[in-house]
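Below: the structure, in structure tokens.
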Amino acid sequence: SFSDTAQVLLPLSKMTDVDNFPGLVAEGGTNYGNAFTCLKNTIQTDIPDLRKSGAKVYRPIVMFIAGSEPTDTNWKAAHAQVADKSWPFSPHIISFGVGGAQADTIREVATQVDKKGKSFAYLADDNADPGAVLSEIFKSLLKGLWEAACGRGMVLPITGPGFIKLDEI
């Protein structure tokens, strides 16, 4: 979770071990740089710990959700460090914009998932209720994770009322 500062609400874990997901609370600014710095530090710590416990770890998938434009001006440097594909723990970042987030920024946050430059970035419709949009996002993601765990593959792109995939506009 991030606002003016960033904090870990749920450490990296096996999805089958997660019983509850902590609630998100809107507060303060939107310091993207602090979010990406916290993310990199967390991944650097958690992946080796997970491997030591015997878990097989793949490239992390991060759902980045922002309700406005960044309040810091140096966020791109922190983003570049976490998105650097030469870093062995570099995650795939799927980005979602709600509220005052702008399409160009949300596109820039999403990382490329293949050599053709494909990425996953979504923006809520102007008239959409942010809570309903986030609920739909999480339902779609959990369905996709469940299907992947059952061997049927990940369901992406996410579809549903209230948001659009940014490469469609």
Side-chain angles (χ1 to χ4, degrees), residues 1-15 18 21-22 24 26 28-52 55-124 130 133-134 137-138 140-142 144-145 148 153-159 163-169:
S1 174
F2 72 101
S3 58
D4 294 319
T5 61
Q7 63 180 332
V8 175
L9 297 180
L10 179 68
L12 288 177
S13 11
K14 289 173 57 179
M15 290 303 296
V18 177
F21 189 85
L24 298 173
T30 50
N31 189 307
Y32 284 26
N34 284 344
F36 293 123
T37 299
C38 180
L39 174 62
K40 184 165 186 180
N41 292 338
T42 301
I43 290 172
Q44 283 181 178
T45 301
D46 286 358
I47 286 181
D49 288 348
L50 285 169
R51 287 183 175 158
K52 283 180 198 168
K56 187 170 184 174
V57 181
Y58 300 95
R59 183 174 303 278
I61 298 174
V62 173
M63 274 54 87
F64 183 89
I65 304 167
S68 66
E69 284 295 281
T71 54
D72 56 322
T73 58
N74 61 345
W75 70 270
K76 292 180 184 183
H79 178 268
Q81 288 183 359
V82 80
D84 180 1
K85 294 299 182 193
S86 69
W87 180 45
F89 304 143
S90 176
H92 293 300
I93 301 175
I94 302 170
S95 60
F96 300 90
V98 297
Q102 299 297 309
D104 288 343
T105 305
I106 296 303
R107 277 188 195 101
E108 193 169 354
V109 168
T111 57
Q112 295 181 356
V113 296
D114 64 17
K115 292 180 179 176
K116 295 179 183 177
K118 183 175 184 134
S119 64
F120 296 98
Y122 302 86
L123 187 66
V133 169
L134 292 175
I137 288 168
F138 285 111
S140 294
L141 288 171
L142 290 173
L145 290 170
M154 179 66 81
V155 176
L156 283 175
I158 297 167
T159 59
F163 58 94
I164 54 173
K165 187 157 186 325
L166 287 173
D167 64 4
E168 296 172 355
I169 58 173

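- Of all the heavy atoms in R107 and A121, the pair that sits closest is CA-CB, 4.0 Å.
- Inter-residue side-chain proximity for V109 and W75 is flagged as met; some heavy-atom pair is nearer than 4.5 Å.
- For the pair Y58/H92, no side-chain contact is recorded, criterion being any heavy-atom separation below 4.5 Å from C-beta on.
- Distance alone, capped at 3.5 Å, is enough to place a donor-acceptor pair between the N34 side chain and the D4 backbone.
- Closest non-hydrogen pair, Q81 versus K40, comes out as O-NZ, 3.6 Å.
- The two residues C38 and A6 have their closest heavy-atom pair at CB-CB, 3.6 Å.
- For S95 (side chain) and F64 (main-chain N/O), no donor-acceptor pair under 3.5 Å exists by modelled atom type.
- P60 and S90 make their closest contact through CD-O, 4.4 Å (heavy atoms, listed as atom of the first residue, atom of the second, distance).
- Remark: side-chain polar atoms of N31 are not paired, donor with acceptor, to backbone N or O of T5 under 3.5 angstrom.
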Item to check | Criterion side chain to side chain contact (heavy atoms under 4.5 Å, CB included) on I93 and F36, from CA distance to verdict | outcome: CA-CA 11 Å; I93 301 175; F36 293 123; 4.1 Å; yes

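- In this structure, the side chains of V62 and V82 stay at 4.5 Å or more apart for every pair of heavy atoms.
- The side chain to side chain donor-acceptor pair (under 3.5 Å) test applied to S68 returns T30, not counting sequence neighbours.
- You'll find the side chain of P91 stays beyond 4.5 Å of the side chain of T111, heavy atoms only.
- Listed by first then second residue, pairs satisfying salt bridge (charged side-chain N to carboxylate O under 4.0 Å, His left out) with a partner in residues 55-73 number zero, not counting sequence neighbours.
- Of all the heavy atoms in Q44 and F89, the pair that sits closest is CA-CD1, 4.3 Å.
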